[in-house]
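Once you've had a glance at the structure underneath, I'll fire off some questions.
None of these values were measured; they are calculated from a predicted model. Position 1 is the first residue of the sequence; numbering continues from there.
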Amino acid sequence: MAMPLRQSIRLGAFMAKQKLMRREKYAILVELEPLFACNLKCGGCGKIAQPAHLLKQRMPVQQAVGAVEESGAPMVSIAGGEPLMHPQIDEITRILLERNKIVFLCTNALLLPKHMHKFKPHRNFAWMVHIDGLEEKHDASVRKEGGFQAAVDAIKMAKAAGFRVMTNTTFFNTDAPQDVIDVLDYLNDEVGVDNMQLSPGYAYEKAPDQEHWLGVQQTRELFSKAFAGGRRKKWRLNHSPVFLDFLEGKRDLQCTPWGIPSYSLLGWQRPCYLLDDGYAKTWRELIEETEWDKFGRGKDPRCANCMAHCGYEPTAVIATTSSLKETIRAAVGA
């Protein structure tokens, strides 16, 4: 099962409009980073490696909203850092929802019980909680004992309050197919999250842990075994069937880095969330002055092992909306 039907229809209409306007490059979802500061030091993330003066900064509300509006994207993923450390994150979220954006607020959930009262359930809003494996693996990944149980407790609290809750799990070369199965079964069946996202660990240059990224062949083997026997159909995965086919190695896709651009305190990141080739001040500058053809597997060596959703899910979405067969598959969760 992918995203709710109403949101799927909204995204389909947006894609159809881009096609009618013959627009080749457009943002489907903006990765908005209104701060770099975080309350954790996860091994797979290097955001807190930014200089001290940047870690103290918080993006003004109008700058955050203005960037999303400038891009024209219908969806926003508010990340960081830890967004709940931003004193006006509730205001940013509220304004984006008022402007009819679909908003996912990414969090490690440690601060969620303290700040949940600032938010209200909304049909276009969901918490996106990072869960990197079951208790032992998660706590090791976030480098905090008790982090897993705190996140699960926060998820249950949010669900009880009427919020839609999703999870995002990154898998590394230390994970076996059974690890994938176990964590997705737990989140799907026991915790009861609304949707789950997953991603193979990608070679993020600033991350403290540089030893456990997945290669392309490792990724395909991991997910083809984890998804075997039609298992993936029972999980409420927030991905298109095309992207899941890609993870399994059933089909290949080209990277579409402009589909999920990243905007932070430094501007629009070139060319994507994972590579840092400088920043553009405006969305137009990013689109028109970035040499997009130079990026992707087979083009840039840094992209050789990347199969992350930030580059390949937009390609899968385009492939889905361009095909009646794939549209039907996505609708029925095949």
Contact check, side chains of V183 and T167, non-hydrogen atoms, under 4.5 Å
no
Check side chain to side chain contact (heavy atoms under 4.5 Å, CB included) between D245 and all other residues, then give those that pass, not counting sequence neighbours.
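With neighbours one apart ignored, the set is R232, K250, R251, R329.
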Within the side chain of R231, is there an N or O that forms a donor-acceptor pair under 3.5 Å with the backbone of A228?
yes
Determine, for D182 against K137, whether the closest basic-nitrogen to carboxylate-oxygen distance falls under 4.0 angstrom.
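A salt bridge is absent here (no side-chain N lies under 4.0 Å from a carboxylate O).
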Table please: side-chain donor-acceptor pairs of residues 123-134 below 3.5 Å, with sequence neighbours left out.
from: N124; atom 1: OD1; to: R6; atom 2: NH1; distance (Å): 2.8
from: D132; atom 1: OD1; to: T170; atom 2: N; distance (Å): 3.0
from: D132; atom 1: OD2; to: S141; atom 2: OG; distance (Å): 3.4

Residues that H309 engages under ring-ring contact (aromatic ring centres under 6.0 Å, His included), provided they are two or more places apart:
none
Sequence neighbours left out, what passes side chain to side chain contact (heavy atoms under 4.5 Å, CB included) with E291? Give chain and number order.
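Counting only residues at least two positions away or on another chain, E291 forms a side chain to side chain contact (heavy atoms under 4.5 Å, CB included) with K294.
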Hey, does the side chain of H86 reach the backbone of L35 with a donor-acceptor pair shorter than 3.5 angstrom?
no
Please determine if E285 and R270 form a salt bridge, counting it only when a charged side-chain N lies under 4.0 Å from a carboxylate O.
yes
Closest heavy-atom contact between V165 and I155?
CG1-CG2, 3.8 Å
Across all chains, not counting sequence neighbours, the salt bridge (charged side-chain N to carboxylate O under 4.0 Å, His left out) partners of D189 are none
Is the gap between the ring centers of Y279 and W268 under 6.0 Å?
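Not close enough - the centres of the two rings lie 6.0 Å or further apart.
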On a heavy-atom basis, which atom in L111 and which in L84 lie closest, and how many Å separate them?
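What the structure gives for the nearest pair is C-CD1, 3.9 Å.
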S323 side chain vs E326 backbone, donor-acceptor pair below 3.5 Å
yes
Quick test of your reading: applying salt bridge (charged side-chain N to carboxylate O under 4.0 Å, His left out), list the pairs with at least one residue in residues 93-109, sequence neighbours left out, ordered by first then second residue.
E69-R99, E69-K101, R94-E98
Side chains of E135 and Y186: is there a donor and an acceptor less than 3.5 Å apart?
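No.
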What distance separates I181 CD1 from W235 CH2, expressed to the nearest 0.5 Å?
5.5 Å
Search all heavy atoms of C310 against all heavy atoms of I260 and return the closest pair with its distance.
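Looking at all heavy atoms of both residues, the shortest contact is O-CB, 3.5 Å.
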